[in-house]
2 protein chains.
Amino acid sequence: MLTKSTQYAIRALVYIQLQSYNQKRPGLAEIAKEIEAPEAYTAKIMQILTKHKLLSSVKGRGGGFFFSEKEPETSLYSVIVVMEGDSCFTSCAFGLSSCSSSKPCPLHDKYGPIKEAFLKLAQEETIQTLAQKIKHGDAVINLL
Amino acid sequence: MLTKSTQYAIRALVYIQLQSYNQKRPGLAEIAKEIEAPEAYTAKIMQILTKHKLLSSVKGRGGGFFFSEKEPETSLYSVIVVMEGDSCFTSCAFGLSSCSSSKPCPLHDKYGPIKEAFLKLAQEETIQTLAQKIKHGDAVINLL
DNA sequence: TAATAAAAAGACCTATATGTCTTTTGTTTT
DNA sequence: AAAACAAAAGACATATAGGTCTTTTTATTA
């Protein structure tokens, strides 16, 4: 399971991408309201994302958050790694640090493919592909 | 990812099952040492497991933990649910409470099958099937 | 039956994730 | 240049997972 912070981060990024289709640059208050997260906590998350160059921001009147032209597509994988590290992709189901094909834990064979599938999903899907699904009405990202 | 408590629980149960093949009934200290977990913390976990009838115990000299004949095979699913609830099987990748096929989040289609596969794994595998793999030398459950 | 062994129970502590508040810094508009 | 605005930064608060310690209960055995 992704952490709450990671979930907020992805939803915020998707919302910013959606607004960018309309030449908009949403601010913190608007984003927090949209993703139904506490404003101050959302601020922390946005700071992590901008610090890691997944997002750009401008201060002052009319400021807000946006994707610069220079930034490439943002994979879910990179968002997850920035927010909570890569252990959900790499670690053994039992937390065995030595778990490997030569010294497999009893779930190694069956859990491995599941981790693989999740990694593939995270690498292939991007903020932009998720936003497109919403734009086309194929998905929603609000709580209600 | 399973919590550390859940990982300890599964490893402890598998060890107890392995010992039961030799008519042994391991005690707390032995179990904690085997799974490389703090003894007092392991005690807490064993209490949760016995309270939920996934395991039996006897106090006093020569006491310890064991599976009674009456107990059916213990699925991983039931251990996970007792230790940390069922949210890892049910919850949306984005934490959207309303996520469903009629109101899907943007990962619903691709993440659903992954959750399904994990649920199937947890329902099919049991402490006993995992212990058999170790007994037959097809897997290990120690850290080193 | 008394001493001892071992699990159960409960109070406590620590680290991390989550969440809040205040001050600082940078940008825009007047 | 001054005022207003909005993100950045950092200190603080709360909840939960993880971990420790002491006391109580129950069983065994000498």
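Every chain is numbered from 1, with letters handed out A, B, ... down the list of sequences.
Between B:S5 and D:dG18, a side-chain N or O to OP1/OP2 separation shorter than 4.0 Å is present. In this model, the phosphate group of C:dA8 is approached by a side-chain N or O of B:S57 to a distance below 4.0 Å at OP1 or OP2. Contact annotation: B:K44 side-chain N/O to C:dA9 OP1/OP2 distance is not under 4.0 Å.
Paired with A:S100 under the rule side chain to side chain donor-acceptor pair (under 3.5 Å), one option of A:S102, A:S98, A:S97 passes, and it is A:S102.
Closest to the side chain of B:A40, out of C:dT18, D:dC21, D:dG19, is D:dC21. Checking D:dG19, C:dT18, D:dA9 against every side-chain atom of B:Y41, the shortest atom distance belongs to D:dG19. Closest contact between the side chain of A:K51 and the listed nucleotides D:dA9, D:dA7, D:dG18 involves D:dA9. Each of D:dA7, C:dT18, C:dA8 was ranked by its minimum atom distance to the side chain of B:Q47; first place goes to C:dA8. The side chain of B:T50 has C:dA8 as its nearest neighbour among C:dA8, D:dG18, D:dA7.
Ring pair A:F118/A:F89 is parallel by interplanar angle, where below 30° counts as parallel and above 60° as perpendicular.
Side-chain N or O atoms of B:K115 include one that pairs as donor or acceptor with a backbone N or O of B:S91 at under 3.5 Å. A:E71 places a side-chain N or O within donor-acceptor distance of the main-chain N or O of A:S68, the cut-off being under 3.5 Å.
Nearest-nucleotide positions on DNA chain D place A:G64 closer to the 5' end than the other of A:G64 and B:T3. Mapped onto DNA chain C by nearest heavy atom, A:E39 and B:A43 fall at different nucleotides, with B:A43 at the one closer to the 5' end.
Whole-Å rounding puts the B:I48 CD1 to C:dA7 P distance at 16 Å. Separating the CZ atom of B:F66 from the C1' atom of C:dA6 is a distance of 14 Å, rounded to the nearest angstrom. If you measure from atom CD of A:E36 to atom P of C:dT18, you get 17 Å, rounded to the nearest angstrom. Note: CD (A:E30) to P (D:dC5) measures 17 Å, nearest angstrom. As a whole-Å value, the separation of B:M83 CE from D:dT16 P is 17 Å. For the pair B:Q7 CD and D:dG19 C1', the computed distance is 16 Å after rounding to whole Å. Taking atom CG of residue B:L49 and atom C1' of nucleotide C:dA9, one finds them 16 Å apart after rounding to whole Å. Taking atom NZ of A:K4 as the reference point, atom C1' of C:dT16 lies 15 Å away to the nearest angstrom.
With salt bridges taken as basic N to acidic carboxylate O contacts below 4.0 Å, one links A:E125 and A:K133.
Closest of all the heavy-atom pairs between A:Q17 and A:Q128 is OE1-NE2, 3.2 Å. For the residue pair B:L2 and B:I80, the shortest heavy atom distance occurs at CD2-CD1, 3.8 Å. Nearest heavy atoms, B:I48 versus B:V82: CG2-CG1, 3.6 Å.
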Using atom names, set out every protein N or O paired with an N or O of nucleotides 25-30 of chain D below 3.5 Å, distance rounded to 0.1 Å.
| residue | atom | partner | partner atom | Å |
| --- | --- | --- | --- | --- |
| D:dT29 | O4' | B:R61 | NH1 | 3.4 |

